Amino acid sequence: MYEITLRSVPLLFDAEDAEQYETLEFALAVMAETEQKLAQQKKDNSVLFSVVLRGYCMMYRTFFNDVFGEGTADKIFQGEKMKPSVYEETYLAFLDALMMQKAAIADKKQERWNKYSVRKPESHAEPAV
């Protein structure tokens, strides 16, 4: 289990755990669907821009609740205004942490398997002249 800290809130996520990763994939799918709807609303002149802004904020809140459990978004964004840039920055921080975690997992895997890899013997033969 790995700890990811977002806006001073420690959260546990393990990118090697299939169930947790499945939860992440579901949250990403929901987010993509919501983003498509918001893009359509943004084009629609009858929808107030404030509604679209709030929709983006709620999309990120839903994502964090879907990944880490209900109430997580309240902890992460406690006292924060509905500004999509703040929510987006937090989401990007999560993605950065996830990428670092996946790289660390890959490094550990490589380290575990290195002792079992077949190494080619160094050639000490003199080149023909």
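What you see below is based on every heavy atom in this structure, not just the backbone, and it leaves out hydrogens, waters and symmetry mates. Only a predicted model underlies this, so the values are computations on that prediction, with no experimental measurement involved. The first residue of the sequence shown is numbered 1, and numbering continues consecutively from there.
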| message | So that I know where these two stand, are F13 and Y2 an aromatic pair - ring centroids less than 6.0 Å apart? | response | no
| What closest approach, in Å, do C57 and P84 show between heavy atoms, and which atom pair accounts for it? | SG-N, 3.5 Å
| note | Heavy-atom closest pair (R61 atom, A73 atom, distance to 0.1 Å) is O-CB, 3.5 Å
| field | Verdict with supporting geometry, M31 and Y91, side-chain contact (heavy atoms from CB on, under 4.5 Å) | value | CA-CA 11 Å; M31 187 178 196; Y91 174 71; 3.7 Å; yes
| Atom CG of L48 and atom CZ of R54: how far apart are they, to the nearest 0.5 Å? | 11.0 Å
| remark: Rounded to the nearest 0.5 angstrom, the CD-NZ distance for E89 and K83 is 8.5 Å
Within the structure provided, determine whether [X] and [Y] are in side-chain contact (heavy-atom separation under 4.5 Å).
X: N65; Y: D74; result: no
X: L12; Y: F68; result: no
X: F63; Y: F94; result: yes
X: Q78; Y: R7; result: no
X: Y60; Y: V86; result: no
X: Y56; Y: E88; result: no
X: D66; Y: T23; result: no

| message | Please determine whether side-chain contact (heavy atoms from CB on, under 4.5 Å) holds for the pair F64 and L6, giving the CA-CA distance in whole Å, both sets of side-chain angles, and the decisive distance to 0.1 Å. | response | CA-CA 10 Å; F64 287 112; L6 298 174; 3.5 Å; yes
| Option passing side chain to side chain contact (heavy atoms under 4.5 Å, CB included) with L11 (candidates I76, T5, V67) | I76
| query | With a 3.5 Å cut-off and no angle check, do the side chains of D44 and Q40 form a donor-acceptor pair? | reply | no
Run the side-chain donor-acceptor check on residues 14-21: report pairs under 3.5 Å with partners two or more places apart or on a different chain.
from : atom 1 : to   : atom 2 : distance (Å)
D14  : OD1    : E16  : N      : 2.9
D17  : OD1    : E19  : N      : 2.8
D17  : OD1    : Q20  : N      : 3.0
Q20  : OE1    : D14  : N      : 2.7
Y21  : OH     : K102 : NZ     : 3.0

| I105-L95 co-clustered via ILVMFWY side chain contacts under 4.5 Å | no
| task | Using the rule that two of Ile, Leu, Val, Met, Phe, Trp, Tyr join whenever any of their side-chain heavy atoms come within less than 4.5 Å, decide whether L28 and M100 are in one cluster. | result | no
| field | Donor-acceptor contact below 3.5 Å, side chain Q41 vs main chain S46 | value | no
| Has N114 got more than 12 heavy atoms of other residues, nucleotides or ligands less than 6.0 Å from its CG? | yes
| query | If you count the non-hydrogen atoms of other residues, nucleotides and ligands that lie under 6.0 Å from CD in E80, is the total more than 12? | reply | yes
| request: For side-chain contact (heavy atoms from CB on, under 4.5 Å), just list the numbers for M82 and L53, CA-CA rounded to whole Å, side-chain angles, deciding distance to a tenth of an Å, and then say yes or no. | output: CA-CA 7 Å; M82 293 295 233; L53 290 175; over 6 Å; no
| task | Apply ring pair (Phe, Tyr, Trp, His ring centres under 6.0 Å) to Y87 and F77, showing your working. | result | CA-CA 8 Å; Y87 288 80; F77 300 109; 4.1 Å; yes
